[in-house]
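Counting starts at 1 for both ligands and their atoms, in listed order. Remember, it's a predicted structure, so these values are computed and weren't measured experimentally.
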Amino acid sequence: MPKPKYTTHLGMVDILPDESPKWRALEQIIHEEAAKFNFEEIRTPIMEQTELIVRGVGQLTDIVSKEIFAFEKGDSHYVLRPELTAPVVRAFVEHHMQQRGGSQKLYYIGPMFRAEKPQKGRQRQFHQFGLEILGSDDPIADVECIAFMMRIYQRIGIKNFDLKLNSVGDPESREAYKEALRAYLKPNLDEMSELSQKRFEKNPMRILDSKEEEDQPFIEQAPVIQDYLNEESKEHFEKVKSYLDDLGIAYSLDPHLVRGMDYYTRTAFELTSSDLGSQDALAGGGRYDLLVEEVGGPSTPAVGFAAGMERLMIACEELGIELAEEKSVDVYFVTLGDAARKWALTHLPKTREAGLSATMDYMSRSMKAQMKDANRENALYTLIIGDNELNEGKFTLRNMKESEEMPLSFDEIIEKLTKKLL
Ligand code: AMP
């Protein structure tokens, strides 16, 4: 076939009709489980102010330094959202959502944009579902957040995963740890990557997240934050761990897990799966007690996670999990001649009102071609309509699977099909 003149941008993917049912099925699962947790959905615009993302995600993160799609129009600086924590916090502050009372438990599903080098499981437009709980610093919130995340995978049947857990401490613990980390890294700094050298003063903890080869030997030997947690952070972390134990949620401790964003405090977690290839992270999250204030709101503790939906789809494929049932249509009206087509057109709405799915040929094709099309559409029944049938008021209803046929009036057909199919 000739190469098309226009294609999607690099790393941007069409979700075609054969794929969209599984996306809807996944979205449905997320909505159902969120309802069981009493979480509420939030939908924010695709574009945000660049300044919000720079502040909210952090100037020195990969996302902000390399991956945002940003442009200007008039005096406004737009960015395609690379994640949703900062936008949800923006919405929380903008709409004074703390006034709704209690903690806000907000989940979302939607596309995100990052100018990354595309590969399997890594796109420039990809989808995440996630949750942000704002207004609680109780370890219960951390654990409910993790439990919701795990529940989605459990319900789908993905089991081979590793939940990595860490505490990155509160500001006091982090300062003590950063000091120790700087003291340890300083003598070796010349041998480390340029990015790590840049991060050294402002946020040395991010160095632990470095993927650069030359940094790895130093990272392996680095002091761990657990030795620098103050009593409060320690107690919080102990509670998170013990509640996870109570729920039977297995985890492994990873003292170098700092996650990509600057705003995390205390709990940090990441979910990886051996069912994925090199891009093995399914989801990640943590506590971000400082972010609401950072973007101009009242001091509000918060915790959340984001999960990659393409990655989840890949895991399903690897495991042979079908998210959606095979598509079908209840009844296909096969029409012979103009009068039959008109009759079909006016009886389709009645069929649909009865709760059935129904379609007809839009291309004036032969009966043979229509029967073939009905098979392609996976029709459960066909209804054959010609001049004779119209005169007699009886139509041939064919069960496509069992190849049974019977002549029935339209009302009888509807009654029979609704009893059988609904
Ligand atoms: P993050 O917001 O970076 O913590 O990412 C959370 C999850 O989103 C990751 O664990 C991945 O599953 C997914 N994800 C992040 N970036 C991409 C991407 N470029 N393409 C596909 N999935 C992604």
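If you look at E310 next to ligand 1, there are no close heavy atoms at all, none under 4.0 Å. Contact annotation for Q128 and ligand 1: only side-chain heavy atoms (C-beta onward) come within less than 4.0 Å of the ligand.
For ligand 1, the polar-atom distance check against Q123 finds a nitrogen or oxygen pair separated by under 3.5 Å. Taking only nitrogen or oxygen atoms, main chain and side chain alike, L282 reaches within less than 3.5 Å of ligand 1. At least one N or O atom of G308, backbone or side chain, sits closer than 3.5 Å to an N or O atom of ligand 1. Among the atoms of R114, some N or O lies under 3.5 angstrom from an N or O of ligand 1. Between A281 and ligand 1, an N or O atom pair is found at a separation short of 3.5 Å.
Contact annotation: the side chain of D361 approaches that of R341 to within less than 4.5 Å [non-hydrogen atoms, C-beta and beyond]. A 4.5 Å side-chain heavy-atom check between L131 and F37 finds every atom pair outside the cut-off.
Less than 6.0 angstrom separates the ring centroid of F39 from the ring centroid of F148. F410 and H347 have their aromatic ring centers within a separation under 6.0 angstrom.
Residue F92 is tested with E132, M97, R100 for a side-chain contact (heavy atoms from CB on, under 4.5 Å); the sole match is M97. D62 pairs with exactly one of K211, R199, R206 by the salt bridge (Lys or Arg N to Asp or Glu O under 4.0 Å) rule, that one being R199.
Here is the list of ligand 1 atoms found below 4.0 Å of a heavy atom in A283: 10 (O). Listed by number with element, the atoms of ligand 1 under 4.0 angstrom from any heavy atom of E116 are 16 (N), 17 (C), 18 (C), 19 (N).
At least one heavy atom of R311 sits less than 4.0 Å from an atom of ligand 1.
In the model, D190 has no side-chain atom that pairs as donor or acceptor with a side-chain atom of Q197 under 3.5 Å. Side-chain contact of Y177 with D227: a donor-acceptor pair under 3.5 Å is absent, judged by distance alone.
Nearest to atom 23 (C) of ligand 1 by heavy atom, out of F113, F305, F126, is F126.
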